[in-house]
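Submitted below is the structure of interest, expressed as structure tokens.
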Number of protein chains: 2
Amino acid sequence: MNFSKTTEYAIRVLTTMAIGEEKLYTADDLYEKLKIPKRYLRRLLTDLSKAGLIAGTRGRTGGFVFAKDPDKVTLKEIIDLVEGKETLNRCILGFSACVADGHCTMHADWIQAKVQMEELLTTTTLGSLNPNRK
Amino acid sequence: MNFSKTTEYAIRVLTTMAIGEEKLYTADDLYEKLKIPKRYLRRLLTDLSKAGLIAGTRGRTGGFVFAKDPDKVTLKEIIDLVEGKETLNRCILGFSACVADGHCTMHADWIQAKVQMEELLTTTTLGSLNPNRK
DNA sequence: ATAAAATAATACACAAAGGTATTAATAAAT
DNA sequence: ATTTATTAATACCTTTGTGTATTATTTTAT
């Protein structure tokens, strides 16, 4: 029941940028704050800006800016982006094949638990994670 | 929100053995039925028998037998065995560090979803997955 | 213009998970 | 005893996620 480290990194970076006071963050700023491996972080930032979630400007006064409305970016979006869409579209527990060959024997409880998780992922936005709001 | 492929394999093998009619399964039987890569399956079976969930006997009439009461083997046990105990003991979403540095900003909804999942994993036994029971 | 400070791109290195190949050991059937 | 069918053990290969190194590009300050 895990997401990849990269997904974790992405969420931490984005929440930091979406919630924090500052608007402009350099890669080094984020490194100091989050201690995500420097070079890896750089690449992640480039990917996130390609995806349009943040925007990077180069040069001496450059850095990254959060480029969306925090209330409109859901965790599901981020997961889909980093891990690929199929991740959450699989059988309960994330299995690609159902357990008891052919018939899915998962009970209503399971379906409910899964739906609840997905519901949370699609309704939880970066903005809603802000502890200073509540 | 995935478990490893190996965990998936383990659960499929064990449910098959716990629920099925036959008692003795050779590695080839299980391969035919489940199409899990042959050699990898062999190794998994060896691991599962070392853990005491199944018992293997060698020789011409050999094979593997399910060695426990299906009603007493939980999914959590299997996951812990294959992936290690920490897997489920991490922050919500499986993250090792909380999202907004220091304060866990996850709402009660999240905790509830996690608890529900864990509850299901500890209460769902192999026996309870049997579609012929209900 | 030149230097400095930042991102961008590309290629390489490492480790773990997944999967394969080979050989050894065991036990029953003949 | 020999053959056959099985598990057991070990070592290797492949893929993917993670992390590093190097170099190029852009922009501003001086």
Side-chain angles (χ1 to χ4, degrees), chain A residues 2-13 17 22-67 79 81-84 86-87 94-97, chain B residues 2-13 17 22-67 79 81-84 86-87 94-97:
Chain A
N2 287 321
F3 299 98
S4 71
K5 245 182 185 175
T6 306
T7 296
E8 174 180 345
Y9 291 162
I11 293 184
R12 285 173 59 210
V13 164
M17 293 182 69
E22 298 90 33
K23 277 171 189 161
L24 189 72
Y25 292 85
T26 69
D28 277 355
D29 288 345
L30 291 168
Y31 168 72
E32 284 304 326
K33 222 173 163 63
L34 303 175
K35 298 296 179 195
I36 296 166
K38 235 176 193 169
R39 313 258 184 182
Y40 200 65
L41 175 60
R42 280 269 169 80
R43 242 182 22 190
L44 177 59
L45 290 170
T46 307
D47 290 347
L48 292 176
S49 58
K50 268 183 195 155
L53 288 174
I54 59 180
T57 58
R58 310 201 232 193
R60 198 163 180 180
T61 56
F64 292 95
V65 181
F66 192 75
I79 293 166
L81 185 82
V82 177
E83 310 205 1
E86 338 74 48
T87 312
F95 294 161
S96 53
Chain B
N2 287 320
F3 299 98
S4 72
K5 248 181 184 175
T6 306
T7 296
E8 173 180 346
Y9 291 162
I11 293 185
R12 285 174 57 208
V13 165
M17 295 181 68
E22 299 89 34
K23 277 171 190 160
L24 189 72
Y25 292 85
T26 68
D28 277 355
D29 289 344
L30 291 169
Y31 168 71
E32 285 304 326
K33 225 174 160 60
L34 304 176
K35 298 297 178 195
I36 295 166
K38 236 176 193 169
R39 314 260 183 181
Y40 199 65
L41 175 59
R42 279 268 168 79
R43 245 183 18 191
L44 177 59
L45 290 169
T46 308
D47 290 347
L48 292 176
S49 58
K50 268 183 195 153
L53 288 174
I54 59 181
T57 58
R58 309 201 234 194
R60 196 161 181 179
T61 55
F64 292 95
V65 181
F66 192 76
I79 293 165
L81 184 82
V82 178
E83 309 205 1
E86 339 74 47
T87 311
F95 294 161
S96 52

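Note that the coordinates shown come from a computational prediction; the quantities given were computed from them, not determined experimentally. Numbers restart at 1 for each chain; the letters A, B, ... are given by sequence-line order, proteins then strands. The analysis underlying the following values was restricted to heavy atoms, covering all of them including side chains, and did not include hydrogens, waters or symmetry mates.
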Scan residues 44-57 of chain A against DNA chain D and write down, sorted by residue number, each residue with any heavy atom closer than 4.0 Å; if none is found, say none. none
Do you see a donor-acceptor pair shorter than 3.5 Å between the side chains of T6(B) and Y40(B)? yes
Between R12(A) and L34(A), the two heavy atoms sitting closest are NH2-O, 3.0 Å
Could you check which of dA11(D), dT10(C), dA28(C) has an atom nearest any side-chain atom of R43(A)? dT10(C)
Side chain of F64(A), heavy atoms from C-beta onward: which of dT10(D), dG19(D), dT7(C) has the nearest atom to it? dT7(C)
Of the non-hydrogen atoms in L24(A) and G62(A), which two are nearest, and what is the gap between them? CD2-O, 3.6 Å
Heavy atoms, side chains only, cut-off 4.5 Å: are D47(B) and L81(B) in contact? no
For T26(A), is there any backbone N or O sitting under 3.5 Å from a side-chain donor or acceptor partner on D29(A)? yes
Would you say R60(B) places a side-chain N or O within less than 4.0 Å of OP1 or OP2 belonging to dA29(C)? no
Please tell me if T6(A) has a side-chain N or O lying less than 4.0 Å from either OP1 or OP2 of dT18(D). yes
Quick check for you: among dG18(C), dT18(D), dT7(D), whose closest atom lies nearest to any side-chain atom of R42(B)? dT7(D)
Rounded distance in Å - CG (D28(A)) to P (dA5(C)): 11 Å
Do any side-chain nitrogens or oxygens of R58(A) fall under 4.0 Å of OP1 or OP2 in dA8(C)? no
Is there a side-chain contact between Y40(A) and the phosphate of dG17(D), meaning an N or O under 4.0 Å from OP1 or OP2? no
Ignoring backbone atoms, test whether K38(A) places a side-chain nitrogen or oxygen under 4.0 Å from the OP1 or OP2 oxygen of dA21(D). no
Where is the tightest heavy-atom contact between V82(B) and S4(B), given as atom of each residue plus distance? CG1-OG, 4.4 Å
